[in-house]
Amino acid sequence: QLQLVESGGGLVQPGGSLRLTCAASGSIFNVMGWYRQVPGKQRELVATITSVGATNYADSVKGRFTISRDNAKNTVYLRMNSLEPEDTAVYYCRACCPLYWGQGTQVTVSS
C-alpha cells in the first residue's frame with residue numbers, strides 16, 4: 001500500500017529555517033509537491049517538482065523556499081528559509097498521478 005510519510009515540521013522563530021521531508025513508498029511519481037492549509041481557508045499550492053526537476057512555486061514563497069527531490073529515495077524535500085508568521089500552516093505532501101496526500105505536518109512560525 002502506498003504511503004507518503006512527512007516529517008520536519010515544528011515551531012520556529014520568524015526568520016528561521018526548517019526542512020520538510022516526504023518519503024513515498026511504491027511508485028515513482030511524475031509530480032510531487034507541497035501544499036499548505038490554515039483553518040478556514042482552502043489548501044494552497046506551495047511548490048511542486050517533476051521527476052526531471054522542473055519546479056513551480058507560489059509567489060509568496062519564491063526566493064525563500066526550495067523544493068528538491070531524490071528519485072532514488074523516492075523522497076521530496078522543502079527547504080524553508082526566512083520563515084514568516086504567515087507561513088504558519090499544516091503542510092501536506094502531494095504525489096501525482098494517481099493522486100495521494102500525506103497526513104500533514106504542522107509548521108508554526110512564532111516568537
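No side-chain heavy atom of R19 sits less than 4.5 Å from a side-chain heavy atom of N81. Contact of the P14 side chain with the E86 side chain is not registered, since no non-hydrogen atoms from C-beta on lie closer than 4.5 Å. Annotation: side chain of C96 is not in contact with side chain of M32 (no heavy-atom distance under 4.5 Å). Residues V12 and T108 have side chains not in contact (no heavy-atom distance under 4.5 Å, counting atoms from C-beta outward). A heavy-atom distance below 4.5 Å is found between the side chains of V76 and I67. Between T66 and L78 the shortest side-chain heavy-atom distance does not fall below 4.5 Å. Side-chain contact between W34 and F65 is absent, with no heavy atoms from C-beta onward closer than 4.5 Å. Y91 has its side chain within reach of M80: a pair of non-hydrogen atoms, C-beta onward, lies under 4.5 Å apart.
Nearest heavy-atom pair, L4 versus A24, reported as atom, atom and distance to 0.1 Å: CD2-CB, 3.4 Å. Here the closest heavy-atom approach between residue S60 and residue R36 is recorded as OG-NH2, 3.4 Å. The two residues A89 and Q37 come nearest to each other via the heavy atoms CB-O, 3.5 Å. Taking every heavy atom of both residues into account, P98 and F29 meet most closely at O-CE2, 3.6 Å. Closest heavy-atom contact between R94 and L99: NE-CD1, 3.2 Å. Contact between Q106 and T88 at its shortest, heavy atoms only, is NE2-CG2, 4.0 Å.
Both tests pass for R43 against the ring of Y92: distance under 6.0 Å to the centre and angle within 45° of the axis.
With hydrogens and angles ignored, the 3.5 Å screen pairs no side-chain donor or acceptor of N56 with any backbone N or O of T48. The backbone N or O of G104 sits less than 3.5 Å from a side-chain atom of E6, completing a donor-acceptor pair. For the pair D87 (side chain) and V107 (backbone), a donor-acceptor distance under 3.5 Å is absent. D70 contributes a side-chain N or O that, together with a main-chain N or O of K73, makes up a donor-acceptor pair within less than 3.5 Å. No side-chain donor-acceptor contact under 3.5 Å links S111 to the backbone of Q13.
Note that OG of S110 is 12.0 Å distant from CG of L83, once rounded to the nearest 0.5 Å. For the atom pair T55 OG1 and R69 CZ, the distance stands at 12.0 Å (nearest 0.5 Å). Atom OG of S17 is separated from atom CZ of R79 by 4.5 Å, given to the nearest 0.5 angstrom.
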ask   = Yes or no on side chain to side chain contact (heavy atoms under 4.5 Å, CB included) for Q103 and V90, after CA distance, side-chain angles and deciding distance?
value = CA-CA 9 Å; Q103 80 283 1; V90 178; over 6 Å; no

Intermediate values then yes/no, side chain to side chain contact (heavy atoms under 4.5 Å, CB included), S25 and N74 = CA-CA 7 Å; S25 61; N74 218 3; over 6 Å; no

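The hydrophobic clustering, which links ILVMFWY residues whose side-chain heavy atoms are closer than 4.5 Å, places Y100 and I49 together. V61 is connected to L20 through a chain of hydrophobic side-chain contacts under 4.5 Å among Ile, Leu, Val, Met, Phe, Trp and Tyr, so both are in one cluster.
Ring centroid separation for the pair W101 and Y35 comes in under the 6.0 Å cut-off.
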